[in-house]
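Every heavy atom of this structure was used, including side-chain atoms; hydrogens, water molecules and symmetry mates were not. The chain is numbered in sequence order, starting from 1.
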Amino acid sequence: QVQLAESGGGLVQAGALLRLSCAVSGRTFSNLNMGWFRQAPGKERELVAAITWSGSNAYYKDSVTGRFTISRDNTKNTVYLQMNSLKPDDTAVYYCAASPYNPIYYNIAGRYNYWGQGTPVTVSS
């Protein structure tokens with residue numbers, strides 16, 4: 001049993017900053033790889049960023065590298081996605097996800113099987 005709850009989305013102007021948070025409960029947080037996905041209207045859900053159990057390794061989709069930062073605080077059972085220099089193409093519903101598999105699979109989208117309900121992010125021109 002893993003419960004995830006995202007927050008922090010909203011409507012912002014291009015170039016703005018936004019930080020998403022995901023609170024996790026129901027399982028030992030330090031044993032979960034964590035990821036952020038997003039889904040824009042009419043498009044497939046895609047993995048945006050991921051982080052291993054210990055936080056020692058991180059993955060980013062090419063289009064967000066250098067702008068987004070994923071981090072985790074295992075004492076608070078929370079994972080974050082800091083988003084800088086937001087663009088209209090970043091508009092999507094963002095989902096927090098968890099994976100109980102070995103850390104070597106942390107950047108494989110198909111290994112994530114626990115999901116939050118999503119928080120919408122809209123970036124205007």
Side-chain angles (χ1 to χ4, degrees):
Q1 180 184 5
V2 177
Q3 310 296 125
L4 304 95
E6 308 98 327
S7 62
L11 173 62
V12 299
Q13 292 283 120
L17 312 180
L18 205 59
R19 189 172 82 157
L20 307 183
S21 298
C22 176
V24 182
S25 62
R27 181 169 178 151
T28 303
F29 183 65
S30 60
N31 293 148
L32 294 169
N33 300 318
M34 299 299 302
W36 286 97
F37 290 73
R38 69 186 182 188
Q39 187 168 24
K43 302 188 71 174
E44 293 290 323
R45 188 176 299 185
E46 62 183 0
L47 178 62
V48 176
I51 190 166
T52 52
W53 296 350
S54 66
S56 61
N57 294 95
Y59 161 85
Y60 300 96
K61 177 178 171 62
D62 288 346
S63 62
V64 309
T65 298
R67 298 189 297 120
F68 290 11
T69 302
I70 188 170
S71 62
R72 65 192 298 161
D73 186 341
N74 289 354
T75 68
K76 298 181 178 179
N77 292 349
T78 301
V79 62
Y80 305 94
L81 185 67
Q82 178 68 49
M83 302 186 292
N84 300 335
S85 302
L86 282 163
K87 305 174 180 179
D89 285 348
D90 296 319
T91 295
V93 177
Y94 283 71
Y95 297 88
C96 181
S99 171
Y101 295 101
N102 189 288
I104 66 173
Y105 304 116
Y106 84 108
N107 62 345
I108 305 299
R111 293 290 186 169
Y112 286 82
N113 51 6
Y114 300 103
W115 299 89
Q117 281 67 56
T119 184
V121 172
T122 301
V123 184
S124 62
S125 300

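The minimum heavy-atom distance between S21 and W36, with the atom names listed, is O-CH2, 3.7 Å. When all heavy atoms are compared, the tightest approach of N107 to A50 is CA-CB, 4.5 Å. When all heavy atoms of F68 and V48 are compared, the closest pair comes out as CD2-CG1, 3.7 Å. Closest approach of A49 and Y60 over heavy atoms only: CB-CD2, 3.7 Å. The minimum heavy-atom distance linking A98 with L32 is given by the pair CB-CD1, 4.2 Å.
Proximity of a side-chain donor or acceptor of T65 to a complementary backbone N or O of K61 within less than 3.5 Å is detected. Between the side chain of R111 and the backbone N or O of S99 there is no donor-acceptor pair closer than 3.5 Å. Not a single donor-acceptor pair under 3.5 Å links the side chain of Y94 to the backbone N or O of Q39. The backbone N or O of P103 sits nowhere less than 3.5 Å from a side-chain atom of T52 that would complete a donor-acceptor pair. Side chain of W115 to backbone of A97: no donor-acceptor contact under 3.5 angstrom is found. For the pair E46 (side chain) and R38 (backbone), a donor-acceptor distance under 3.5 Å is absent. E6 places a side-chain N or O within donor-acceptor distance of the main-chain N or O of Q117, the cut-off being under 3.5 Å. A donor-acceptor pair under 3.5 Å is absent between the side-chain atoms of S56 and the main chain of S54, judged by distance alone. In this structure, Q1 contributes its side chain and G26 its backbone to no donor-acceptor pair below 3.5 Å. At least one donor-acceptor pair closer than 3.5 Å links the side chain of T91 to the backbone N or O of V123.
Atom-to-atom distance recorded for K87:NZ and S125:OG is 12.5 Å, nearest 0.5 angstrom. Distance OG/S63 to CG/D90: 7.0 Å, rounded to 0.5 Å. The OH atom of Y80 sits 14.0 Å away from atom OG1 of T69, with the distance rounded to the nearest 0.5 Å. For the atom pair L86 CG and L17 CG, the distance stands at 7.5 Å (nearest 0.5 Å).
Note on Y59: it clusters hydrophobically with Y112, by side-chain heavy-atom contacts below 4.5 Å among ILVMFWY residues. Taking hydrophobic clusters as Ile, Leu, Val, Met, Phe, Trp and Tyr residues chained together by side-chain heavy-atom distances below 4.5 Å, Y106 does not share a cluster with L4. V2 and I108 are assigned to two separate hydrophobic clusters, defined by single-linkage of ILVMFWY side chains at heavy-atom distances under 4.5 Å.
Within a 6.0 Å radius of OH in Y114, more than 12 heavy atoms belonging to other residues, nucleotides or ligands are found.
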Should M34 and V24 be marked as a side chain to side chain contact (heavy atoms under 4.5 Å, CB included) after you check the CA-CA gap, both sets of side-chain angles, and the distance that decides it? CA-CA 10 Å; M34 299 299 302; V24 182; 3.8 Å; yes

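Of the candidates I70, L81, V79, L20 forms a side-chain contact (heavy atoms from CB on, under 4.5 Å) with just one, namely L81.
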